Amino acid sequence: MSQLKIYNSLTRQKEVFTPITPGHVGMYVCGPTVSGESHLGHARPYITFDVVYRYLTHLGNKVRYVRNITDAGHFEEEGREAEDKISKKAVLEKLEPMELVQKYTNLFHWAMEKFNNIPPSIEPTATGHIVEQIGMIEQIIEAGYAYVSNGSVYFDVKKYAASHDYGKLSGRVIEDLLETTRELEGQEEKRDTADFALWKNAAPEHIMRWKSPWGIGFPGWHIECSAMATKYLGAQFDIHGGGMDLLFPHHESEIAQSTICNHVAPVRYWVHNNMITINGRKMGKSYNNVIKLTELFSGDHPLLAKAFHPMVIRFFILQTQYRSTLDFSNEALQAAEKGLKRLWDAWEKLKALEYVQEGTVDENLDKKVLQLVQELEEFMNDDFNTAKVLANLFELVPVINSMKDKLIAAGALKEETFSFLKKQLQLYIEDILGLQGVSEADNDRLQGVMQLLIDIRKEAKGKKDFATSDKIRNQLAQLGISLKDEKGGEMSWSVEG
RNA sequence: GGUCCUGUGGCCGAGUGGCUAGGCAGAGCUCUGCAAAAGCUCGUACAGCGGUUCGAAUCCGCUCGGGACCUCCA
């Protein structure tokens with residue numbers, strides 16, 4: 001049995017994964033900022049780390065999966081016009097900030113459920129942990145690595161860098177950071193442009209504001225993750241995940257803050273997913289090329305040829321290794337849609353198949369199937385290579401279909417191979433990859449009606465009354481239900497997306 | 001400008017020295033009342049140039065292209 005290896009952004013290589021406490025894994029993933037709707041790009045980390053969570057659990061670990069909700073808002077822009085992002089938007093929409101936060105949190109949860117993502121063990125909110133954040137900032141000040149300036153608190157990067165490696169994670173060179181001159185106003189509060197805010201004083205018009213030892217204000221950009229991760233996972237924990245775009249400054253700063261407070265590197269394995277691109281460009285607000293999840297599911301977007309089921313998105317994302325960029329296009333999504341259907345149909349067929357001892361065992365086939373199935377674990381252990389897992393699953397599809405259609409004798413596989421195949425596919429397709437069928441036919445009445453139509457059509461076909469049998473099939477097709485004749489006179493149907 | 005990543009067949013995308021990735025689309029065949037599905041077969045791809053090597057998509061160099069981060073960002 002191979003060992004799980006994870007690519008660690010910190011060391012830039014794959015490392016054997018060893019939890020700090022055997023049998024237990026602490027995992028923190030940067031969650032959404034609920035000042036707006038999630039888009040396709042946001043789907044990637046949550047699906048990626050859902051699979052990581054599922055796989056670690058499958059390996060027998062008790063995993064505490066913490067994913068925050070950023071509801072305190074960050075700055076839209078640094079400097080004079082600095083405004084709390086959430087309060088600013090709330091003014092525009094004439095909503096209470098918390099009403100807005102609730103709305104987008106609900107939408108986020110709804111999307112997560114559609115993706116079949118398992119909810120995290122703890123989903124802490126930034127606003128619910130102001131006390132912890134203030135406490136952490138006080139510790140940093142006491143340690144001498146932060147200073148108060150005009151009601152704000154800044155982390156002293158230069159001082160930290162003198163004794164620590166600031167830039168280790170992101171590959172930044174501290175000298176370059178210190179040299180960078182920016183023409184942003186408000187910088188005069190800082191001793192150095194590379195310093196980052198731990199606490200910001202709030203202008204009177206800010207709606208979201210809290211009391212602190214330094215006056216009325218709100219927490220800085222990076223402190224919430226440090227505070228909540230420390231609280232729920234301890235001073236040092238196993239995995240910290242997030243998008244690659246968070247490497248700097250967010251995660252780099254998290255390391256600095258936590259290291260000062262807890263005197264230990266906070267994270268053992270930093271794991272980062274790559275971006276989803278559209279026309280080769282990162283999907284993001286600043287590029288004006290986002291497709292929101294609600295638009296994706298409804299098809300209501302000029303760039304979309306049609307609506308796409310959340311499972312299709314999940315499958316689309318899992319077809320790529322998480323550290324590669326993934327380019328969006330209608331063509332690619334439609335390919336994913338058909339691929340998922342093919343895989344799922346075969347899986348459903350296998351589920352319904354029972355082992356029969358007939359014919360002789362085809363040793364070569366048996367060996368091939370066994371290998372394909374056994375490799376699934378190997379691929380997952382190789383830095384969660386879901387792309388390779390899916391490739392193997394697809395290689396098994398013709399075998400399953402051939403068994404179903406009796407092109408391969410039911411006994412061509414050894415009984416133990418057959419049951420192993422069934423068991424592992426259940427495990428990998430449903431439990432680990434978390435895939436589901438896209439059919440919306442889970443409706444008893446529809447099932448009954450369809451069975452009736454199938455019976456009538458069978459009778460008609462038996463009498464060579466093709467006019468009737470074609471009428472049933474054609475009219476169902478118009479309703480978006482496809483009826484297929486199978487070998488042996490059986491019929492199957494499915495609702496087309 | 002600095003740091004880093006990347007360029008695979010019509011599209012998406014695995015793959016870091018020699019063994020068919022896979023999916024979608026396309027072509028042919030089989031099965032079939034027809035259709036669909038399914039099965040079989042096929043395209044023989046690795047930006048360009050040069051180098052290392054018995055052998056490179058895979059290592060090195062250069063050229064060209066794309067991108068990320070350096071600012072909120074999954």
Side-chain angles (χ1 to χ4, degrees), chain A residues 12 29-33 35 38-49 70 73-79 82 85 167 170-173 175-177 179-180 182 184 194 196 221 241-250 252 272-277 279-287 290 315-316 319-321 323-343 345-346 349 379 385-395 397-402 404-405 407-408 461 464-466 469-470 473-474 477 482-487 491-492 494:
Chain A
R12 288 154 204 249
V29 174
C30 290
T33 302
S35 60
S38 297
H39 59 71
L40 174 59
H42 295 117
R44 173 106 100 144
Y46 306 129
I47 288 170
T48 298
F49 290 102
T70 298
H74 292 311
F75 316 118
E76 189 101 73
E77 282 175 359
E78 218 176 357
K85 198 199 273 183
S170 58
R172 271 326 101 102
V173 181
E175 286 74 21
D176 294 346
L177 291 172
E179 274 172 22
T180 309
R182 316 266 317 282
L184 296 167
F196 56 87
W221 322 340
M244 275 183 185
D245 49 352
L246 297 179
L247 267 163
F248 190 89
H250 186 57
E252 196 70 61
H272 292 94
N273 64 275
N274 214 134
M275 301 293 104
I276 287 181
T277 59
N279 296 322
R281 185 142 234 145
K282 175 185 166 183
M283 189 175 284
K285 258 172 282 185
S286 31
Y287 295 120
V290 302
F315 179 84
F316 174 64
Q319 259 190 316
T320 309
Q321 216 280 340
R323 284 189 289 114
S324 303
T325 53
L326 169 56
D327 201 48
F328 162 88
S329 67
N330 279 292
E331 217 179 345
L333 272 184
Q334 275 163 332
E337 184 172 53
K338 290 188 181 174
L340 173 61
K341 181 168 167 30
R342 181 172 150 83
L343 179 65
D345 284 352
K349 286 182 201 168
F379 296 154
N385 198 328
T386 55
K388 287 183 100 172
V389 168
L390 283 169
N392 267 29
L393 291 175
F394 273 107
E395 291 211 56
V397 165
V399 177
I400 295 166
N401 285 333
S402 295
K404 170 73 166 67
D405 290 340
L407 297 170
I408 295 176
K461 276 189 72 176
K464 296 214 185 292
D465 177 6
F466 296 125
S469 69
D470 285 352
R473 189 174 63 197
N474 293 338
S482 72
L483 194 61
K484 290 172 288 193
D485 293 336
E486 298 191 334
K487 297 213 169 30
M491 294 173 197
S492 67
S494 59

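Letters A, B, ... are given to chains in the order of the sequence lines, protein chains preceding strands, and every chain is numbered from 1. What you are looking at is a predicted structure, and each value in this text was computed from that prediction instead of being measured.
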Indicate, with a heavy-atom threshold strictly under 4.0 Å, whether [X] touches base, sugar-phosphate, or nothing.
X: A:Glu395; answer: sugar-phosphate
X: A:Ser482; answer: nothing
X: A:Leu326; answer: sugar-phosphate
X: A:Asp345; answer: nothing
X: A:Asn401; answer: sugar-phosphate
X: A:Thr325; answer: sugar-phosphate
X: A:Tyr287; answer: sugar-phosphate
X: A:Met244; answer: nothing
X: A:Gly284; answer: nothing
X: A:Leu246; answer: sugar-phosphate
X: A:Leu483; answer: base
X: A:Ala332; answer: sugar-phosphate

For B:C12 versus B:G2, give the span between their C1' atoms, rounded off to a whole number of Å.
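Each nucleotide's C1' atom is 33 Å from the other's.
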Could you tell me how far B:U52 sits from B:G15 if I compare only their P atoms? Round to whole Å.
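Each nucleotide's P atom is 29 Å from the other's.
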Salt-bridged, A:Lys341 to A:Asp345, with N to O below 4.0 Å?
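Looking at A:Lys341 and A:Asp345, the cut-off is met.
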Taking A:Arg473 first and then A:Asp470, would you say they form a salt bridge - that is, a charged N and a carboxylate O separated by under 4.0 Å?
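A salt bridge is present here (some side-chain N lies under 4.0 Å from a carboxylate O).
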Compare the minimum distances between each of B:C34, B:C73, B:G23 and the side chain of A:Ser286, then state the nucleotide with the smallest one.
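Out of B:C34, B:C73, B:G23, the nucleotide with an atom closest to A:Ser286's side chain is B:C73.
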Where the side chain of A:Lys388 is defined as all heavy atoms beyond and including C-beta, which of B:G10, B:C73, B:A14 is the nearest nucleotide?
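Minimum distance to the A:Lys388 side chain belongs to B:A14.
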Per the atom types in the model, does the base of [N] pair as donor or acceptor with the side chain of [X] at under 3.5 Å?
X: A:Asn274; N: B:C5; value: no
X: A:Asn392; N: B:G22; value: no
X: A:Arg12; N: B:C4; value: no
X: A:Arg44; N: B:A74; value: no

Member of A:Leu333, A:Ile47, A:Leu340 meeting the side-chain contact (heavy atoms from CB on, under 4.5 Å) criterion with A:Phe315:
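Of the listed options, the one satisfying the test is A:Leu340.
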Does a side-chain N or O from [X] land closer than 4.0 Å to OP1 or OP2 of [N], or not?
X: A:Arg342; N: B:A37; answer: no
X: A:Lys282; N: B:C69; answer: yes
X: A:Arg281; N: B:G67; answer: yes
X: A:Ser324; N: B:A14; answer: yes
X: A:Lys338; N: B:A25; answer: yes

For A:Asn474, I'd like to know if atom CG has over 12 heavy atoms of other residues, nucleotides or ligands within 6.0 Å.
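Atom CG in A:Asn474 is packed in, count exceeds 12.
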Given A:Met244 and A:Met275, is the side-chain contact (heavy atoms from CB on, under 4.5 Å) satisfied, shown in steps?
CA-CA 7 Å; A:Met244 275 183 185; A:Met275 301 293 104; 4.1 Å; yes
Do we see A:Phe466 stacking on the base of B:G33, given a limit of 5.5 Å between centres and 30° between planes?
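Yes, A:Phe466 stacks on the base of B:G33, since the ring centres sit under 5.5 Å apart and the planes are within 30°.
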Decide yes or no for A:Leu390 and A:Leu343: does some side-chain heavy atom of the first lie under 4.5 Å from some side-chain heavy atom of the second?
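Side chain of A:Leu390 against side chain of A:Leu343, heavy atoms only: contact under 4.5 Å found.
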Pick the closest RNA chain B nucleotide for A:Ala336 and for A:Arg473 by heavy atoms, then say which residue is nearer the 5' end.
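Counting from the 5' end, the first nearest nucleotide belongs to A:Ala336.
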If you assign each of A:Gly242 and A:Val397 to its closest nucleotide in RNA chain B, which residue comes earlier from the 5' end?
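By nearest-heavy-atom nucleotide position, the 5'-most residue is A:Val397.
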